[in-house]
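Remarks on the structure that follows.
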Amino acid sequence: MATGMVLALGAGGVACASDEDEHEPYVGADEVCGGLFTGPLAEMLEKVTGEKVFAWENGKGMERVVTALKEGYASGRSWAPGAALCEPDPKGGRLGDEAGISFSMYAPQDVEDEGLPAGAELYTMGVQSSVNRGGALLYFECVSPQLKDSDKAPLRIQGGFGRGESDAPDTREYRDMNMRILHAATLKLVKELDCEDNGGLPKVPVLTPK
């Protein structure tokens, strides 16, 4: 989180400083990351993180993610690191580096039950999905006119949400909120990439343990 901010300030010069001056340094959950969390999602973010005020971000995370995924796919490699969509950073940085939403290109062998984090449980949505105390993971495939030959070899995308060093309880309600937040952000990415059939994901999250 801090690294991205340092890079932005270091490279932006006068233009970046002017842009920063137009915004309050801290905003509510509904304004963080360019308004990524709207409506009920803002309340969910507050609940799972235990925070209500976050550092302002310019909302260009989607652009970074789309670019990284397209470049990774074009490289022909089996996986690529991707990029962060949003890194909600409260005053004091209490959530740590694990808080946020990111997307990457996964290798086929990554969707194996043996690779689940400790305490995680599988859900039925997507190619593979899982939740645990600290967040959620969602794997799906994207066929898109923006991705050459993806009808033959779809882009494999892994999405992850982490709530960071939060004291929120580890209950079914909170695990489901982790997945709801990730699912909503993933649908926005699917739209940006023009993935056919929403990348195989439902418009309403399926929160059924496998």
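Note that the structure is predicted; figures quoted are calculated from it, not measured.
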I'd like to know if [X] pairs up with [Y] as an ion pair, taking the criterion as any Lys NZ or Arg NE/NH1/NH2 lying under 4.0 Å from an Asp or Glu carboxylate oxygen.
X      : Y      : answer
Glu141 : Arg156 : no
Glu192 : Lys188 : no
Glu121 : Arg175 : yes

Which pair of non-hydrogen atoms, one from [X] and one from [Y], has the smallest distance, and what is that distance?
X      : Y      : answer
Ala84  : Ser102 : CA-CB, 3.9 Å
Ala29  : Ala42  : CB-O, 3.6 Å
Arg180 : Pro205 : NH1-CG, 4.0 Å
Arg163 : Ala168 : NH2-O, 2.9 Å
Pro88  : Gly100 : CD-CA, 3.6 Å
Ala185 : Ile101 : CB-CD1, 3.8 Å

Out of curiosity, [X] [atom1] to [Y] [atom2], how far, rounded to the nearest 0.5 Å?
X      : Y      : atom1 : atom2 : value
Leu36  : Glu31  : CG    : CD    : 13.0 Å
Phe161 : Cys86  : CZ    : SG    : 9.0 Å
Thr186 : Leu85  : OG1   : CG    : 8.5 Å
Asp194 : Gln146 : CG    : CD    : 4.5 Å
Ser166 : Leu45  : OG    : CG    : 10.0 Å
Phe103 : Met62  : CZ    : CE    : 6.5 Å

Contact check, side chains of [X] and [Y], non-hydrogen atoms, under 4.5 Å:
X      : Y      : answer
Phe37  : Glu43  : no
Ile157 : Leu138 : no
Thr49  : Phe54  : yes
Cys142 : Leu147 : yes
Asp176 : Val131 : no
Pro202 : Met125 : yes
Lys47  : Met177 : yes

Backbone N or O of [Y] within a donor-acceptor pair of the [X] side chain at under 3.5 Å?
X      : Y      : result
Asn198 : Gly200 : no
Thr124 : Lys210 : no
Tyr73  : Ser150 : yes
Asn132 : Gly135 : yes
His183 : Leu201 : no

Using the rule given for side-chain contact (heavy atoms from CB on, under 4.5 Å), can you reason through Lys70 versus Leu193, listing the C-alpha separation, both sets of side-chain angles and the distance that settles it, and then say yes or no? CA-CA 9 Å; Lys70 285 184 174 181; Leu193 286 172; 4.1 Å; yes
[X] with [Y], same ILVMFWY side-chain cluster at under 4.5 Å:
X      : Y      : value
Val32  : Leu189 : yes
Leu137 : Trp79  : no
Met179 : Leu41  : yes

Heavy-atom neighbours of Asp170 CG exceed 12 at 6.0 Å: yes
Check the pair Val27 / Glu57 against side-chain contact (heavy atoms from CB on, under 4.5 Å), numbers first and verdict last. CA-CA 9 Å; Val27 296; Glu57 286 189 25; over 6 Å; no
Going through the distances and angles, do Thr208 and Tyr123 end up as a side-chain contact (heavy atoms from CB on, under 4.5 Å)? CA-CA 5 Å; Thr208 307; Tyr123 277 14; over 6 Å; no
For the residue pair Asp89 / Tyr26, report whether a side-chain donor-acceptor contact shorter than 3.5 Å exists. no
